[in-house]
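In what follows, a structure is listed as structure tokens, so that the remarks can point back to it.
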Amino acid sequence: MSATILYYFVISLLSICFIIFFYFFLKNRFFKKKIEEKEKEANRIIKEAERQAENLLKESQVEAKSKLLEMKNKFDIETKEAREEIRKEKDFLSQKSENIERKIDRLEKRSIDVLRAEKSVKDKEYSITNKIKNYETLIDETKKQLEIISGFTVEEAKKELMKKMEDEARLEAAKQAKIIINEVNETADKKAKKIIANAIQRYSSSFVAEKTVSVIHLPSEEMKGRIIGREGRNIRSIEAATGIDIIIDDTPEAIVLSGFNPIGREVARIAIEKLITDGRIHPARIESVVDSVRKELEIVMMKTGEEVLFDLGIHGVHNELIKKLGSLKYRTSYSQNILQHSIEVANFCGVIASELGLNVKIAKRMGLLHDIGKSIDYEVEGPHAVIGAKLAKKYGESAKIVYAIEAHHEDVPPESVYDVIVQASDSLSGARPGARKESMENYIKRIEAIESISKTFKGVENSYAIQAGRELRVIVEGSKISDEGSLILSQEIAKKIEGNLSFPGQIKVTVIREMRSISYANKK
């Protein structure tokens, strides 16, 4: 029994061993086959990679050759251009060197001439020194003889001589001044008249004359009482909100607004007109309407300033300056609207600058901003030219423009031709017929002041202000004032008028001298 079991066990064991051997045998063959396939695939991939690498290498070589060729062409072109520039520079330098050599030759010739001249001057100087010594000796001897003959000391003779020389020098200076002024006037006056006439001809505009107070017409007399309000509450509210005085008098259906602030006066006018139209007039409503009108007016001023800058072709102005420029629409001087005056001055400056071959844009900018100080001169103390210069500097205008603004009324002396152009254009705009108005009382006072100033000078017999005070005719005594002295007198009178009076435009001073010789023939 045990032998049979052992037999089957051995047989089973051998079978298992055979199966295991056969399994590993088959597996080994299978893996070998797989490995061979993988090796074939790897070899195929390697060959494909080598083939692609060869193709890439060929393509890169072709591309490198094309790039190299392109770089070579570019290098050749740049080299050719560089050589051409070097050739031009070389020609230029050679020409320069030739010019320098010619200049050196001329300088050498001049130096030789200078040396000769110096030698000649030294010889003359030596001769003159000897002559001076001889003259000094002669003068000393002459002085002694003159002292003996005349009875004057040297000091007394000097004083007398100096006095005569001073009188002669004054007379000679006046003669020369007259000749020079006549010559200058013949040329400069023609040129100036031509430029100004051309400027006036090329620019022509209307002016806007406004009153210094605003008058509001009312629909009825009853409206005056409503504006005043119970116990004056409404009128006090309007005055407090706008800073403008409201004058209610016996004028039928009208009230007057008075105040130094033109913007405030305009705000008050529009606000009152809106309140009259609306019909609701009480303190709370007044404050609301005034605030609303003030905001609307700021928008209008900004828009007005932008339109002016656009029309004149001026750019890069600060927004605050644009607003201040727009506010000049409500400002007047001698009843001339300042914004219109500024536009006119800007155009005159542009035309004159164009005639003189200068920068038209800079000249126009100076002319437009020259009176910008008048937008706040009722708030700040000082001349409007100085205020305007500070305002322009604050908002980034260039130093040249700031100085032109400050110099347009000679608060500082003019430094450039642009400053003089602004002064001339300002005078031209203010002095042209119909541009400005003034009250009869101020006009008469100015005429009297002009005439009285001229009469303070010695030798003046009478004086008359003519042509609305734009010319002063001064009649002098012929025995006291000479022809040359009349020239000096006219200049002195003009300077005194400039220093003591304020007036638009300019005043021409004409001195008239008449010499009368009278003789009588008696019958024997």
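We use all heavy atoms of the structure for the numbers below, so side chains are in, but hydrogens, waters and symmetry mates are not.
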Can you measure from [atom1] ([X]) to [atom2] ([Y]) and round to the nearest 0.5 angstrom?
X	Y	atom1	atom2	result
Ile299	Lys323	CD1	NZ	9.5 Å
Asn337	Glu344	CG	CD	11.0 Å
Glu461	Ser454	CD	OG	12.5 Å
Ile263	Glu298	CD1	CD	9.5 Å
Glu239	Ile286	CD	CD1	10.5 Å
Ser327	Lys374	OG	NZ	12.5 Å

Do the side chains of [Y] and [X] get nearer than 4.5 Å, heavy atoms only?
X	Y	value
Val511	Ile475	no
Ser342	Leu328	yes
Asp426	Val345	yes
Leu472	Tyr464	no
Leu391	Ile405	no
Arg365	Glu397	yes
Ile255	Ile246	yes
Arg265	Tyr330	no

What is the minimum heavy-atom distance between [X] and [Y], and which atoms define it?
X	Y	value
Leu368	Ala346	N-CB, 3.7 Å
Asn359	Ile362	OD1-N, 3.2 Å
Ile401	Met366	CG1-CG, 3.9 Å
Lys480	Gly459	CD-CA, 4.2 Å
Thr242	Ile238	OG1-O, 2.7 Å
Val420	Pro414	CG2-CB, 4.2 Å

Derivation of the side-chain contact (heavy atoms from CB on, under 4.5 Å) call for Ile276 and Ile227: CA-CA 8 Å; Ile276 291 169; Ile227 290 170; 4.3 Å; yes
Assess whether side-chain contact (heavy atoms from CB on, under 4.5 Å) is satisfied between Ser463 and Lys455, documenting all intermediate values. CA-CA 7 Å; Ser463 62; Lys455 289 176 182 177; 3.6 Å; yes
Does the distance from a Lys or Arg side-chain N to an Asp or Glu carboxylate O, for [X] and [Y], drop under 4.0 Å?
X	Y	answer
Asp371	Arg331	no
Glu320	Lys394	no
Glu273	Arg269	yes

For the backbone of [Y] and the side chain of [X], can you confirm whether one donor and one acceptor N or O come within less than 3.5 Å of each other?
X	Y	answer
Asn234	Arg230	no
Ser490	Leu487	yes
Glu451	Ala465	yes
Asp278	Lys274	no
Ser237	Arg233	yes
Asp419	Ser416	yes
Ser288	Arg285	no

So Glu471 and Thr510, side-chain hydrogen bond (donor to acceptor under 3.5 Å, both in side chains) or not? Walk me through it. CA-CA 7 Å; Glu471 184 176 355; Thr510 304; 3.3 Å; yes
Within 45 degrees of the axis of the six-membered ring of Phe457 and under 6.0 Å from its centre: does Lys496 put its NZ or CZ there? yes
Residues 84-93 side chain polar contacts: donor-acceptor under 3.5 Å, at least two apart:
| residue | atom | partner | partner atom | Å |
| --- | --- | --- | --- | --- |
| Glu84 | OE2 | Arg87 | NE | 3.4 |
| Glu84 | OE2 | Arg87 | NH2 | 2.4 |
| Arg87 | NH1 | Asp91 | OD2 | 3.0 |

Would you indicate whether Lys495, at its atom NZ, is surrounded by more than 12 heavy atoms from other residues, nucleotides or ligands within a distance under 6.0 Å? no
Sequence neighbours excluded - ring pair (Phe, Tyr, Trp, His ring centres under 6.0 Å) pairs with any residue from residues 267-316: none
For a side-chain contact (heavy atoms from CB on, under 4.5 Å) check, start with the C-alpha distance between Leu489 and Val460, then their side-chain angles and the critical distance, and finish with the verdict. CA-CA 9 Å; Leu489 180 63; Val460 174; 4.1 Å; yes
Decide side-chain contact (heavy atoms from CB on, under 4.5 Å) for Leu257 and Ile272; before the verdict, give the C-alpha distance in whole Å, the side-chain angles of both, and the deciding distance to 0.1 Å. CA-CA 10 Å; Leu257 306 179; Ile272 291 171; 3.8 Å; yes
Set out, in order, the CA-CA distance, both residues' side-chain angles and the distance that settles side-chain hydrogen bond (donor to acceptor under 3.5 Å, both in side chains) for His341 and His370, then state yes or no. CA-CA 10 Å; His341 165 67; His370 82 285; 3.2 Å; yes
